[in-house]
**Q** 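Below is a structure I'd like to ask you about.
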Amino acid sequence: MPEPAAPQGAQPTDEQLEARWKAGSAPAFAVLFERYHKRVYGFALKLTGDVHTAEDVAQRAFLNLYRKPPPGTGRASFKALLFTVARNEAINEAKRRGRRKAASLEQAPEVTDARPTADQVTAKREEAARLGALVDKLPDDEREILLLRNVEGLTFREVCETTGLSRDAVRWRLARAMEHLRQALTRKP
Amino acid sequence: MDCDRNDLLIGLLEDALDPGERTAVEAHLEGCEACREVVEAYRGAAGALAGLDLPEPSEEATSRAYAAVLGAMEQDADAADRGAGGAGEGPSAGGES
C-alpha cells in the first residue's frame with residue numbers, strides 16, 4: 001500500500017525516509033544525505049581538525065550506513081546512528097593518521113576585532129566565533145561529547161549509546177567541558 | 001552535595017540523576033547561590049552551542065561524496081537487475097523531495 005502523501009510543504013521525517021529507503025527507494029537515502037552531510041562533515045572537522053580527513057570521514061559514514069542498513073526496531077534515531085558511524089570513522093582515521101595535538105584552553109585565541117561595536121549582529125557573530133574557537137580547544141573527549149549533545153542535539157541517552165560510555169562518564173565529560181567553557185567565557189578578553 | 005560536583009549539576013540539567021541525587025542537588029541549590037549561577041551559566045552555554053554554526057564542506061567534497069553514494073546505489077541496482085534476470089526490483093526511480 002503506498003504511503004500517504006505528506007501535506008504540502010511538510011518534510012518527511014528521518015524515520016519516514018529510512019523506511020522508504022529500506023523498502024527500496026534509493027532517492028530517500030539521497031535525501032538523508034542532503035539533510036545531514038554538511039552536519040556530519042562539520043562534526044568530523046571539529047573532531048579531527050583536518051579538512052581532508054573530515055571529507056573522507058563524512059563520505060565513508062554515509063557509504064558505510066548505506067551498505068549496512070541499521071536494524072529496524074529498538075534502536076536510536078537515524079541521526080544518532082549516523083553520528084555513531086561518523087564518530088567511529090573519525091576515531092579510526094585518527095588512529096591511522098595520528099591524533100592531532102589538543103591545545104590547552106588557555107591558548108584559546110582572542111576575538112580578532114577588539115574594537116567595541118554597537119552592532120548587536122556583529123557582536124553575536126564575534127561571540128559565536130569565540131565560542132567555536134573555545135570548543136576547538138577543548139580536550140578531545142570533552143569536545144566530542146559537547147558536539148554530540150549540545151551542537152548536534154542528540155539526547156543524553158543517545159550520546160551514551162553513540163559513545164558507548166556510561167551515564168556517569170558522559171555526565172563527567174559534559175560537566176568538564178561546560179566548566180571549561182564557563183570559565184573561559186567569563187575571562188575578560 | 002559539595003559545590004565541586006558539577007557533574008551533578010549537569011545531571012540535573014540533563015535529567016540524568018538518580019532520585020536520591022536529584023533530592024540532594026535540589027536541596028543544595030536552594031541554599032547555594034553560586035551553584036545556581038553555575039547552572040544558569042551552563043544553561044546559557046548550552047543555548048549558545050545549539051546555535052553554533054559548524055564549517056561546511058566545499059561543493060567539490062559534497063559532490064564527491066554524493067557521487068560515491070550514487071555509485072553504491074547503481075551497483076546495487078545492477079546487482080538486483082542481474083539477480084532478477086533483468087526484470088528486477090532495484091531501487092525505485094521515484095523522486096523524493
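In what follows, chains carry the letters A, B, and so on, assigned in the order in which the sequence lines appear, proteins first and then strands, with residues in each chain numbered from 1.
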**Q** Do the side chains of B/M73 and A/P27 get nearer than 4.5 Å, heavy atoms only?
**A**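 A side-chain contact is absent here, since even the closest heavy-atom pair is not under 4.5 Å.
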
**Q** Among A/E34, A/Q59, A/R149, A/R171, single out the residue with the greatest number of heavy-atom pairs under 4.5 Å to chain B.
**A**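 Of the options given, most contacts go to A/R171.
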
**Q** Looking only at heavy atoms and a cut-off of under 4.5 Å, which of B/L9, B/D53, B/V38 has the most pairs with chain A?
**A** B/V38

**Q** Any chance you could measure A/R167, atom CZ, to B/L17, atom CG, to the nearest 0.5 Å?
**A**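 So the CZ of A/R167 and the CG of B/L17 are separated by 6.5 Å.
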
**Q** Pick from B/A46, B/A41, B/G47: which one has the most heavy-atom pairs with chain A under 4.5 Å?
**A**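 Top option by heavy-atom pairs under 4.5 Å: B/A46.
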
**Q** Counting only heavy atoms not in B/E59 (residues, nucleotides, ligands), do more than 12 fall under 6.0 Å from its CD?
**A** no

**Q** Indicate the atoms forming the closest heavy-atom contact of B/L54 with A/G42, along with that distance.
**A** CD1-C, 3.7 Å

**Q** Find the distance between OH (B/Y42) and CG (A/L174) and round it off to the nearest 0.5 Å.
**A**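 Atom-to-atom, B/Y42:OH and A/L174:CG are 9.0 Å apart.
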
**Q** Checking A/R60 against chain B: side chain, backbone, both or neither under 4.5 Å from a heavy atom?
**A**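 Contact with chain B involves no heavy atom of A/R60 at all.
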
**Q** Would a hydrophobic clustering, with Ile, Leu, Val, Met, Phe, Trp and Tyr connected at side-chain separations under 4.5 Å, put A/W172 with A/V135?
**A** no

**Q** Decide if atom CD of A/E15 counts as having more than 12 heavy atoms of other residues, nucleotides or ligands within a radius under 6.0 Å.
**A**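 Yes, enclosed.
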
**Q** Examine A/V40 and A/V31 and state if one hydrophobic cluster contains both, with Ile, Leu, Val, Met, Phe, Trp and Tyr joined whenever side-chain heavy atoms are less than 4.5 Å apart.
**A** yes

**Q** Counting only non-hydrogen atoms closer than 4.5 Å, does B/L12 touch chain A with its backbone (N, CA, C, O), its side chain (CB onward), both, or neither?
**A**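 Looking at B/L12, nothing touches chain A.
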
**Q** Hydrophobic cluster membership, with links at side-chain heavy-atom distances under 4.5 Å among I/L/V/M/F/W/Y: are A/L17 and A/V85 in one?
**A** yes

**Q** Between B/A72, B/A16, B/A61, which shows the greatest number of heavy-atom pairs under 4.5 Å with chain A?
**A** B/A16

**Q** Can you tell me how far the CD1 atom of B/I10 sits from the CD1 atom of A/I145, to the nearest 0.5 Å?
**A**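 Atom-to-atom, B/I10:CD1 and A/I145:CD1 are 12.0 Å apart.
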
**Q** Please determine, among B/A45, B/G44, B/P57, the option with the most heavy-atom pairs under 4.5 Å with chain A.
**A** B/P57

**Q** Report which part of B/E21 has an atom under 4.5 Å of a heavy atom belonging to chain A: side chain, backbone, both, or neither.
**A** side chain

**Q** Looking at chain A, which one of B/L70, B/L13, B/V69 has the largest number of heavy-atom pairs inside 4.5 Å, strictly under?
**A**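 Answer, by heavy-atom pair count under 4.5 Å with chain A: B/V69.
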
**Q** Should A/Y41 and A/V57 be counted in the same cluster of Ile, Leu, Val, Met, Phe, Trp and Tyr side chains packed under 4.5 Å apart?
**A** no

**Q** Would A/Y36 end up clustered with A/L148 when hydrophobic side chains under 4.5 Å apart are linked, directly or stepwise?
**A**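 Yes: a chain of side-chain contacts under 4.5 Å links A/Y36 to A/L148.
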
**Q** Tell me, for A/E179 versus chain B, whether the close heavy atoms (under 4.5 Å) come from the side chain, the backbone, both or neither.
**A**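 For A/E179, the contact with chain B is made by backbone and side chain together.
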
**Q** Under the criterion side chain to side chain contact (heavy atoms under 4.5 Å, CB included), I'd like the reasoning laid out for B/N6 against A/M178: C-alpha separation, chi angles, the key distance, then a yes or no.
**A** CA-CA 9 Å; B/N6 296 339; A/M178 283 296 210; over 6 Å; no

**Q** Between chain A and each of B/Q75, B/R5, B/R64, B/E14, count heavy-atom pairs under 4.5 Å; write down the option with the most.
**A** B/E14

**Q** Taking everything shown except A/R157 itself, do over 12 heavy atoms lie less than 6.0 Å from its CZ?
**A** no

**Q** Please classify the contact of A/A30 with chain B as side chain, backbone, both or neither, using a heavy-atom distance under 4.5 Å.
**A**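 Contact with chain B is through both the backbone and side chain of A/A30.
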
**Q** CG of B/L49 to CG of A/L146: how many Å apart, nearest 0.5 Å?
**A** 5.0 Å

**Q** Is there a side-chain contact between A/D168 and B/D7 in this structure, where contact means two heavy atoms from C-beta onward sitting under 4.5 Å apart?
**A**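 When only atoms from C-beta onward are counted, B/D7 and A/D168 do not touch, as no gap falls below 4.5 Å.
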
